[in-house]
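A quick write-up on the structure given underneath.
Quick note on labels: first sequence line is chain A, next is B, and so on, each numbered from 1.
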2 protein chains.
Amino acid sequence: MSDQRQLTVQGEKRKTQLLSCAAELFAQHGYAETRVVDIVERAGVAKGLFYWYFENKAALFTELVVEHREQLRRTQHRAIDPTATPLQQIRQGTEASLRFMAERAPFFALLEVETVNRAFANVLRVGTDIHTNDTRQLIEAGIRRGAIRDDDPELLALGVVGAVGYYGHFHRSGRTTMSIDGLAAFVGRFVVCSLAADEQIAREVLSVPTRDPRASAVDKS
Amino acid sequence: MSDQRQLTVQGEKRKTQLLSCAAELFAQHGYAETRVVDIVERAGVAKGLFYWYFENKAALFTELVVEHREQLRRTQHRAIDPTATPLQQIRQGTEASLRFMAERAPFFALLEVETVNRAFANVLRVGTDIHTNDTRQLIEAGIRRGAIRDDDPELLALGVVGAVGYYGHFHRSGRTTMSIDGLAAFVGRFVVCSLAADEQIAREVLSVPTRDPRASAVDKS
DNA sequence: CCCGACATTGACCGCCGGGTCAGGTTTTGG
DNA sequence: CCAAAACCTGACCCGGCGGTCAATGTCGGG
């Protein structure tokens with residue numbers, strides 16, 4: 001496929017069709033597990049035609065990603081009230097993003113760990129499931145004693161596990177250059193703030209320094 | 001490879017060696033992009049030997065995952081002071097996990113979106129970068145007017161973006177069965193609580209209902 | 001010293017899937 | 001009406017890679 005090619009109406013239609021067939025299949029089976037043949041078969045055309053519209057499989061995928069990214073951004077902007085306070089705007093954007101991503105769930109699922117290879121989905125999930133369970137129990141205890149705000153314990157637990165996961169990710173991917181100790185301390189504060197029942201409790205908890213386990217790993221094995 | 005095989009000391013050593021060579025290569029190039037040949041070459045042995053120790057490539061990967069999962073869990077438990085309050089324990093576990101994952105960064109990077117296919121790393125990242133930037137600006141404004149607690153704006157922004165991403169993920173993967181509207185509202189609360197400068201402000205912000213953009217998408221395009 | 005289990009080798013197989021291409025049909029515009 | 005460009009076909013090519021296997025080496029115990 002050459003760089004600039006004049007598409008007729010029918011051409012545009014075909015291309016869109018291939019795009020959406022691919023999106024469905026990607027969502028269903030993942031990127032790697034979807035063959036070009038599958039895409040063209042679903043569209044009911046011959047394999048060669050695929051390369052009339054796309055450089056290759058990767059180029060098609062990229063087009064899909066870019067398109068969704070633009071849509072998400074438009075949705076966010078539409079949901080934000082420009083006269084509201086910053087915190088309110090963040091909240092609006094957050095909720096709108098969640099909804100948008102849920103509507104396009106199959107596509108966004110594509111961009112994830114567990115779609116990498118469905119075969120590993122279970123193994124990978126067990127890890128966070130355990131972590132979530134532990135955390136949920138702690139949260140329930142905290143709610144009972146009034147230290148943690150009274151919200152869905154399961155969801156709050158997912159928040160903690162999630163925070164660990166993505167701050168770790170951001171660190172690995174170089175999105176933040178902060179030292180790991182600084183980052184760990186920050187995330188500690190972050191989860192405490194998001195869970196604490198009131199600011200008095202948050203302040204109390206945060207006033208106690210946390211020890212680095214590596215420094216005192218002499219006790220119980 | 002048969003199910004139960006008696007490994008000699010040397011055998012154990014070889015197996016461990018293959019495991020760690022694989023881990024390095026996986027971390028460097030991703031799972032799919034690492035061939036069995038690469039692994040055995042790095043270990044300096046013949047290809048056939050790989051199948052003496054492992055059923056196949058996937059089995060090796062699974063072993064790696066399980067091993068790290070167990071280590072992580074042990075580390076968490078070691079870091080937690082059983083006499084502390086639940087909230088304090090969560091904080092301790094959170095910090096310990098962050099540190100542990102940072103130490104094994106290359107491995108944990110493996111389990112991620114962007115390792116799916118390095119070729120797409122850039123395309124995928126642009127989306128969250130934009131979102132993070134927008135959010136950081138809002139947060140800076142919020143800090144200036146005292147509505148958002150005075151912490152690193154960049155990191156706080158990553159927290160918001162992260163929350164959107166992983167709550168969306170948990171929803172897609174069926175980890176929570178809550179309706180999307182309920183979930184969106186929850187996450188809205190979650191980010192407000194994690195950012196608000198004090199509980200008074202949080203309460204104020206949360207007292208205003210957020211509109212569903214889909215219901216009023218008539219105004220500005 | 002020799003048998004059997006563990007350990008190791010590397011050539012070989014077979015399939016799968018991305019990408020090509022020579023050729024045919026339809027549409028467009030001059 | 002006719003060329004050129006767009007559109008479409010399906011057989012074919014080919015490299016890569018997971019996995020096999022028969023042969024050989026090594027070592028410990030009886």
Side-chain angles (χ1 to χ4, degrees), chain A residues 1-26 28-64 110 115-120, chain B residues 1-26 28-64 110 115-120:
Chain A
M1 179 205 178
S2 70
D3 224 4
Q4 269 336 6
R5 166 167 295 150
Q6 207 50 34
L7 295 185
T8 65
V9 194
Q10 189 192 161
E12 290 290 0
K13 213 176 268 178
R14 222 344 90 72
K15 186 174 177 179
T16 310
Q17 184 199 11
L18 287 170
L19 237 17
S20 83
C21 287
E24 287 170 33
L25 287 168
F26 285 163
Q28 236 170 76
H29 309 111
Y31 175 79
E33 288 68 34
T34 301
R35 350 254 157 245
V36 173
V37 196
D38 300 332
I39 300 171
V40 295
E41 259 175 18
R42 165 167 294 218
V45 298
K47 189 177 176 185
L49 193 57
F50 183 94
Y51 296 92
W52 177 260
Y53 293 104
F54 305 97
E55 189 82 32
N56 50 39
K57 201 177 143 189
L60 178 148
F61 181 77
T62 303
E63 268 196 45
L64 275 180
L110 231 196
T115 316
V116 176
N117 196 331
R118 307 268 157 140
F120 297 130
Chain B
M1 180 206 179
S2 71
D3 225 4
Q4 271 333 10
R5 165 167 296 148
Q6 208 48 36
L7 295 186
T8 64
V9 194
Q10 190 192 159
E12 290 290 0
K13 213 178 268 180
R14 226 336 96 72
K15 188 174 177 179
T16 310
Q17 185 199 11
L18 286 170
L19 237 16
S20 82
C21 286
E24 287 170 33
L25 288 168
F26 284 162
Q28 237 170 72
H29 309 110
Y31 175 80
E33 287 67 34
T34 301
R35 348 254 156 245
V36 173
V37 194
D38 300 332
I39 300 171
V40 295
E41 261 176 17
R42 165 167 295 217
V45 297
K47 189 177 174 186
L49 192 57
F50 183 94
Y51 295 92
W52 177 260
Y53 293 104
F54 305 97
E55 188 82 32
N56 51 39
K57 200 177 140 189
L60 178 149
F61 181 77
T62 304
E63 269 197 43
L64 274 181
L110 230 197
T115 315
V116 176
N117 195 329
R118 308 269 156 143
F120 297 130

Roughly how many Å is it from [atom1] in [X] to [atom2] in [N], rounded to a whole number?
X        : N       : atom1 : atom2 : answer
Lys13(A) : dC8(D)  : NZ    : P     : 11 Å
Lys15(B) : dT8(C)  : NZ    : C1'   : 17 Å
Leu18(A) : dC7(D)  : CG    : C1'   : 12 Å
Trp52(A) : dG23(C) : CH2   : C1'   : 14 Å
His29(B) : dC17(D) : NE2   : C1'   : 16 Å
Glu41(A) : dG10(D) : CD    : P     : 11 Å
Phe54(A) : dC7(D)  : CZ    : C1'   : 14 Å
Gln10(B) : dC6(C)  : CD    : C1'   : 9 Å

> Of all heavy-atom pairs between Tyr53(A) and Leu7(A), which one has the smallest distance, and what is that distance?
Replying inline: CE2-CD2, 3.8 Å

> Between Ile39(A) and Thr34(A), what is the shortest heavy-atom contact and its length?
Replying inline: CG1-CG2, 3.9 Å

>> Using the side-chain contact (heavy atoms from CB on, under 4.5 Å) criterion, which residues pair with Lys47(B)? Sequence neighbours excluded.
In response: Val36(B), Val37(B), Val40(B)

> Which residues satisfy the side-chain contact (heavy atoms from CB on, under 4.5 Å) test with Gln17(B), sequence neighbours excluded?
Replying inline: Arg14(B), Cys21(B), Ala43(B)

> For nucleotides 9-22 of chain C, read 5' to 3', which letter fits each nucleotide if B means a protein heavy atom sits under 4.0 Å from the base, S means only the sugar-phosphate is that close, and - means neither?
Replying inline: BB------SBBBB-

> Do we get Lys57(B) above Tyr31(B)'s six-membered ring, with its NZ or CZ under 6.0 Å from the centre and within 45° of the axis?
Replying inline: yes

> How would you list all residue pairs meeting side chain to side chain donor-acceptor pair (under 3.5 Å) that involve residues 35-44 of chain B, not counting sequence neighbours?
Replying inline: Glu24(B)-Arg42(B)

> Looking only at side-chain N and O atoms, does Thr8(B) come under 4.0 Å of OP1 or OP2 in dG28(D)?
Replying inline: no

